[in-house]
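This report concerns only the one structure given below.
Order of listing sets the numbers, starting from 1, for every ligand and every atom in it. All values reported here derive from a predicted model rather than from experimental measurement. The figures that follow rest on heavy atoms only: side chains count, while hydrogens, waters and symmetry mates do not.
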Amino acid sequence: MLNKNVQDILNVQVEKEGYSSNLYLAMASWAESEGYSGISKWLYSQAEEEHKHMLKLLHYINDSGGNAIVPAFKKPPASYTDVKKMFEQVYAHEQHITASINEIVAVTIAEKDYTTNHWVQWYVNEQIEEEKNARTILDKLKLLGKESLYIFDRDIVGLRTAESATNAEAT
Ligand SMILES: [Fe+2]
Ligand SMILES: [Fe+2]
């Protein structure tokens, strides 16, 4: 039976991963409506991945004898100032998620739940990737003037390939 405090913090993470998915979906929709087809594709894929992160948590909680709760989600912003600022938000959001995963690790140690501690390491590693990907995109965006966004928009999906392969392996 899953420890109550561990179950509670995992359910908090269900909400965070679900919100991440909706946030990236909102960003994808905005980018698509602005004509950034490559950027929107990257974000739609990212939204799908976050949805998988949420499902992985739901299954783990239920498989461990707990009750996974599907929460209400707050509405993500519908529009963004520009592409660079949007990806700065992505990076900040991923840093926030990393902090919440670290909180889970701390609770598993406090509760001596070494099974969940082992299981949640997947998310610890995933967050290294997520932060790295966001930083890579920001680095590229810093090199560009606004007129070069066309080329960035064309190339961003190529940046995704290696990362998605890593994710597929890890899942
Ligand atoms: Fe995630
Ligand atoms: Fe993420």
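- None of Glu130, His96, Arg135 except one satisfies the side-chain hydrogen bond (donor to acceptor under 3.5 Å, both in side chains) rule with Tyr91; the exception is Arg135.
- Phe87 pairs with exactly one of Tyr80, Trp42, Tyr24 by the ring-ring contact (aromatic ring centres under 6.0 Å, His included) rule, that one being Trp42.
- The only option from Trp122, Tyr123, Trp119 that meets the ring-ring contact (aromatic ring centres under 6.0 Å, His included) definition with Tyr60 turns out to be Trp119.
- Asp153 approaches Ile39 most closely through the heavy-atom pair OD1-N, 2.8 Å.
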Requested in this report: I would like to know whether His53 and Glu50 meet side chain to side chain donor-acceptor pair (under 3.5 Å); could you show each step before the answer?
Outcome: CA-CA 5 Å; His53 296 170; Glu50 300 295 359; 2.9 Å; yes

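- Residues Gly18 and Met54 share a closest heavy-atom pair of CA-SD, 3.5 Å.
- Note on the Fe ion (ligand 1): protein N/O/S atoms under 2.8 Å are Glu17 OE1, Glu50 OE1, His53 ND1.
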